[in-house]
Amino acid sequence: MIDRRTIVLFALASLFFGGTFVAAKAGLEYFPPLLFVALRFDIAAVIMVAYATLRFSRAELTPTTAGDVIGILATGGLVIGLANSLLFVGQQYATSAVGAIVFSLNPILTPVFAAALLSSERLSGRGAVGMGLGLVGVALVVSPDPAMLVGGDAFGRAILFAGAASAALGAVMIRRVDATLSSSVRIAWGLPLAAALSHALSLAAGESTAAITWSPAAIAALAYVSVFAGVLAYLAYFALLDETGAIEANLVFYVVPVVSTLGGWAILGERIAPLAVVGFLTIFAGFAVLGSESVDVRARLRDRLPLERSRSNTAESTDRTSVPNDSRFSRSD
């Protein structure tokens, strides 16, 4: 049975990440996209570094293994920095709901990367069915008219897809490495890295602070993506990742489109086309199949655990009884 802490982390991550798409869409009216991401992570990094400095000792903050370094790079470079840079650029060409739906390929892509990088996780027949349903749903959302393939909408959704792939790959890499740092410490290291990456991409794209239009709405959007989606959401998500694994943690993105759709409708007055709704329902069906597969795997592991423990105990008992009772093993010189 899922414990209360996992449920709370799941709900918080889903809620805060879902609001990201609404706030991003609203904020892009006032900020260049990559500079918006960079400023977001500047603020989030200051908050998170201050928190980590007060909360953890120097030993707890210091990376000591190659796994720690790779975990930080995957956190700041892939899951936070690159994924969000692609998300905010792609969000210019799609509504908040469509952006959330396309980005929700994250849970479908995660088992693919896990099968390649995590030897203990393989996509079963049921998982393949769920992944196929999800891809069909995305095709319906994108509406692949040949005239759209080179248009802005298709281009933007391709960028969103690349962002989802970056986040999924990063989550699997974090699970693969043998890191000793806590998730909060990884975020404290990762956010400045994400900010630096976003600033570099912004400069390369020729963006300028002169293009920012400061207003109450701009400040509110920046505050949300910095504090709620930039600190609190990642604290909840990476804690969930450490507790449940990459595939199950990324199930939060099943709920994100629902939050984003409701937020876009309530705050931005957005509408979803009927075909997109069909696509969303198809994606949801794929999510349900993948989710049930995840639950089945966990149940099988629980069922096997007592048997494995019993075998282990039996083996240990046999080893103990087979050791000769020789004085050479106990004599002290």
I want to check something: taking the side chain as every heavy atom from C-beta on, are R157 and Y93 in contact at a cut-off of under 4.5 Å?
no
Between the main-chain N or O of L61 and the side-chain N or O of W189, is there a donor-acceptor pair closer than 3.5 Å?
yes
Would you mind reporting whether P63 and I72 have side-chain heavy atoms less than 4.5 Å apart?
yes
Going by heavy atoms in the side chains, are I80 and F238 under 4.5 Å from each other?
yes
Are any of the side-chain heavy atoms of N250 and Y237 separated by less than 4.5 Å?
yes
Between I212 and P32, is any pair of side-chain heavy atoms under 4.5 Å apart?
yes
Going only through I, L, V, M, F, W and Y residues with side-chain contacts under 4.5 Å, is there a path from V227 to F41?
yes
Considering non-hydrogen atoms only, spot the tightest contact between P192 and V49 and give its length.
CG-CG2, 4.1 Å
Considering residues at least two apart in sequence or located in another chain, which fulfil the ring pair (Phe, Tyr, Trp, His ring centres under 6.0 Å) criterion with F31?
F36, W214
Write down the atom of S226, the atom of A44, and the distance for their closest heavy-atom approach.
O-CB, 3.4 Å
State yes or no: do I219 and Y30 share one hydrophobic cluster built from I, L, V, M, F, W and Y residues joined by side-chain heavy-atom distances below 4.5 Å, directly or via other members?
yes
Should we say atom CZ of F56 is surrounded by more than 12 heavy atoms from elsewhere, each under 6.0 Å from it?
yes
Donor-acceptor pair, distance only, cut-off 3.5 Å: does the side chain of S202 make one with the backbone of S198?
no
Which pair of heavy atoms, one from L34 and one from A205, lies closest together, and at what distance?
CD1-CB, 3.9 Å
Does V225 offer a backbone N or O that forms a donor-acceptor pair with the side chain of R40 under 3.5 Å?
yes
Side-chain heavy atoms nearer than 4.5 Å, only ILVMFWY residues, links allowed to pass through others: does that put L232 and L222 together?
yes
Are the side chain of T75 and the backbone N or O of G190 linked by a donor-acceptor pair below 3.5 Å?
no
Same cluster for L73 and V177 if Ile/Leu/Val/Met/Phe/Trp/Tyr side chains link at under 4.5 Å?
no
Rounded to the nearest 0.5 Å, how far apart are CG of L203 and CG of L35?
8.5 Å
Strictly distance-based, threshold 3.5 Å: is any side-chain N or O of Q92 a donor or acceptor partner for the main-chain N or O of L28?
no
If you measure from OG on S85 to CD1 on I159, what distance do you get to the nearest 0.5 Å?
11.0 Å
Value for CD1 (I47) from CG (L191), rounded to nearest 0.5 Å, stands at 9.5 Å
Strictly below 4.0 Å, N to O, side chains only: are E243 and R5 in salt-bridge contact?
yes
Min side-chain heavy-atom separation E207-L201 under 4.5 Å
no
So how far is it from L87 CG to L82 CG, rounded to the nearest 0.5 Å?
11.0 Å
Donor-acceptor contact below 3.5 Å, side chain S208 vs main chain A211
no
Drop me the distance from L193's CG to L78's CG, to the nearest 0.5 angstrom.
9.5 Å
Closest non-hydrogen atoms of T62 and L181, given as atom of the first, atom of the second and distance, are O-CD2, 3.7 Å
Interatomic spacing from CG in L235 to CE in M48 - rounded to 0.5 Å:
4.5 Å
Answer yes or no: is there a side-chain heavy-atom contact under 4.5 Å between D42 and L39?
yes
Same apolar cluster (I L V M F W Y, side chains within < 4.5 Å links), V69/V172:
no
Donor-acceptor check, side chain of R55 to backbone of V185, threshold 3.5 angstrom: yes or no?
no
Keeping D68 on the side-chain end and A179 on the backbone end, is there a donor-acceptor pair under 3.5 Å?
no
Please work out whether the ring planes of Y224 and F228 are parallel, tilted or perpendicular, with thresholds of 30° and 60°.
parallel
May I have the list of side-chain donor-acceptor pairs in residues 11-18 shorter than 3.5 Å, sequence neighbours left out?
residue : atom : partner : partner atom : Å
S14     : OG   : F10     : O            : 2.8

